[in-house]
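Here is the structure we will look at, set down as structure tokens.
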Amino acid sequence: MPTYSIGQAARLLRVSPETVRRWADAGRLPMGRDGAGNRVIDGVGLARLAEERAAEDARDAAVGPATSVRNAFTGIVTALVADDVVARVVVQAGPHQVVSLVTREAVDELDLAVGVTVVARVKSTSVHVDRS
């Protein structure tokens with residue numbers, strides 16, 4: 001059975017190592033010790049928790065607008081360059097940087113600016129940006 005260090009589990013779950021420790025101490029995440037006495041996370045338990053968290057995220061996302069696009073990244077606009085017709089919107093969503101080319105009209109309608117929270121939705125090779 002595969003095991004993971006606290007740091008590896010934290011990176012996979014996109015939380016802090018301290019959060020992983022708290023979850024393990026609370027029994028939400030199975031943790032044991034390796035041969036050297038280091039704390040390790042059970043891979044099966046980690047997979048189960050990752051699925052639970054994804055389901056929670058999906059339920060939370062269901063509150064938002066209905067869409068057929070499944071790959072959504074909530075982030076913050078870090079750069080925006082626009083001319084009369086087109087705009088380049090850069091979104092930082094956790095470790096992911098998503099760049100979208102949209103119309104200037106869309107930027108104006110969504111009132112996009114650096115510092116605004118958005119949801120970037122990726123479908124095929126297109127990136128759609130929704131104001132959240």
Side-chain angles (χ1 to χ4, degrees):
M1 157 180 20
T3 60
Y4 296 84
S5 71
I6 291 172
Q8 289 172 318
R11 282 188 295 280
L12 288 168
L13 296 172
R14 298 188 190 270
V15 297
S16 72
E18 184 55 34
T19 297
V20 171
R21 285 185 196 93
R22 283 195 314 271
W23 286 344
D25 292 343
R28 187 172 181 195
L29 192 56
M31 185 180 290
R33 302 258 179 201
D34 65 10
N38 298 314
R39 294 173 76 172
V40 293
I41 307 297
D42 166 67
V44 173
L46 180 61
R48 178 189 46 76
L49 182 59
E51 286 180 332
E52 287 174 11
R53 294 193 70 231
E56 290 169 6
D57 289 346
R59 281 191 298 275
D60 292 344
V63 176
T67 181
S68 65
V69 181
R70 298 292 178 241
N71 299 317
F73 302 90
T74 299
I76 188 167
V77 175
T78 58
L80 191 146
V81 178
D83 63 19
D84 291 338
V85 178
V86 70
R88 179 179 179 264
V89 181
V90 181
V91 177
Q92 190 67 42
H96 307 288
Q97 185 179 70
V98 181
V99 179
S100 179
L101 295 177
V102 297
T103 64
R104 172 63 185 253
E105 181 180 16
V107 168
D108 293 341
E109 286 177 6
L110 294 170
D111 198 24
L112 296 181
V114 171
V116 170
T117 302
V118 296
V119 177
R121 299 183 191 279
V122 179
K123 184 164 183 167
S124 185
T125 58
S126 299
V127 177
H128 306 268
V129 178
D130 301 329
R131 176 84 187 256
S132 62

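Note that the numbering runs from 1 along the sequence shown for the chain.
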Exercise. Could you give the distance from CG (L12) to CD1 (I41), rounded to the nearest 0.5 Å?
Worked result: 11.0 Å

For this session: Evaluate whether atom CD of Q97 has more than 12 neighbouring non-hydrogen atoms of other residues, nucleotides or ligands under 6.0 angstrom away.
Result: yes

Problem set entry | Derivation and outcome, side-chain contact (heavy atoms from CB on, under 4.5 Å), residues L13 and R53 | CA-CA 8 Å; L13 296 172; R53 294 193 70 231; 3.8 Å; yes

For this session: Go through the structure and list residues passing side chain to side chain contact (heavy atoms under 4.5 Å, CB included) with A82, not counting sequence neighbours.
Result: L80, A87, R104

Seminar exercise, completed: Quick note, salt bridge (charged side-chain N to carboxylate O under 4.0 Å, His left out) partners involving residues 23-34, not counting sequence neighbours, are D25-R39, R28-E56

For this session: Keeping the roles fixed (side chain from Q8, backbone from S5), state whether a donor-acceptor pair exists under 3.5 Å.
Result: yes

For this session: Could you check V86 against T103 for side-chain contact (heavy atoms from CB on, under 4.5 Å), going step by step and ending with a plain yes or no?
Result: CA-CA 4 Å; V86 70; T103 64; over 6 Å; no

Exercise. If you round to the nearest 0.5 Å, how far is CG of L29 from CZ of R22?
Worked result: 12.5 Å

Exercise. From I6 CD1 over to T19 OG1, what is the distance, rounded to the nearest 0.5 angstrom?
Worked result: 11.5 Å

Exercise. Can you hop from V44 to L49 via hydrophobic side chains spaced under 4.5 Å?
Worked result: no

Problem set entry | Residue list, side-chain hydrogen bond (donor to acceptor under 3.5 Å, both in side chains) with R14, at least two apart or on another chain | H96

Exercise. According to a 4.5 Å side-chain heavy-atom criterion applied to Ile, Leu, Val, Met, Phe, Trp and Tyr, with indirect links allowed, do V91 and L110 form part of one hydrophobic cluster?
Worked result: yes

Seminar exercise, completed: For Y4, the ring-ring contact (aromatic ring centres under 6.0 Å, His included) test, sequence neighbours excluded, returns none

Problem set entry | Nearest atoms (heavy-atom pairs only) where A10 meets P17 | CB-N, 3.6 Å

Exercise. Less than 4.5 Å apart, any side-chain heavy atom of V122 and any of F73?
Worked result: yes

Problem set entry | Spacing of OG1 belonging to T117 relative to CG belonging to L112, to within rounding of 0.5 Å | 11.0 Å

Exercise. Where is the tightest heavy-atom contact between A9 and L46, given as atom of each residue plus distance?
Worked result: CB-CD1, 3.9 Å

Problem set entry | Contacts of type salt bridge (charged side-chain N to carboxylate O under 4.0 Å, His left out), residue R21, not counting sequence neighbours | E18

Exercise. If you take all heavy atoms of Q92 and T78, which pair is closest and at what distance?
Worked result: CB-CG2, 3.7 Å

Problem set entry | Full working for side-chain contact (heavy atoms from CB on, under 4.5 Å) between V102 and V89 | CA-CA 7 Å; V102 297; V89 181; 3.9 Å; yes

Exercise. Does R88 CZ have over 12 foreign heavy atoms under 6.0 Å away?
Worked result: no

Problem set entry | Pair listing, ring pair (Phe, Tyr, Trp, His ring centres under 6.0 Å) test, anchored in residues 10-52, at least two apart | none

Problem set entry | Evaluation steps, side-chain contact (heavy atoms from CB on, under 4.5 Å), between V90 and V77 | CA-CA 6 Å; V90 181; V77 175; over 6 Å; no

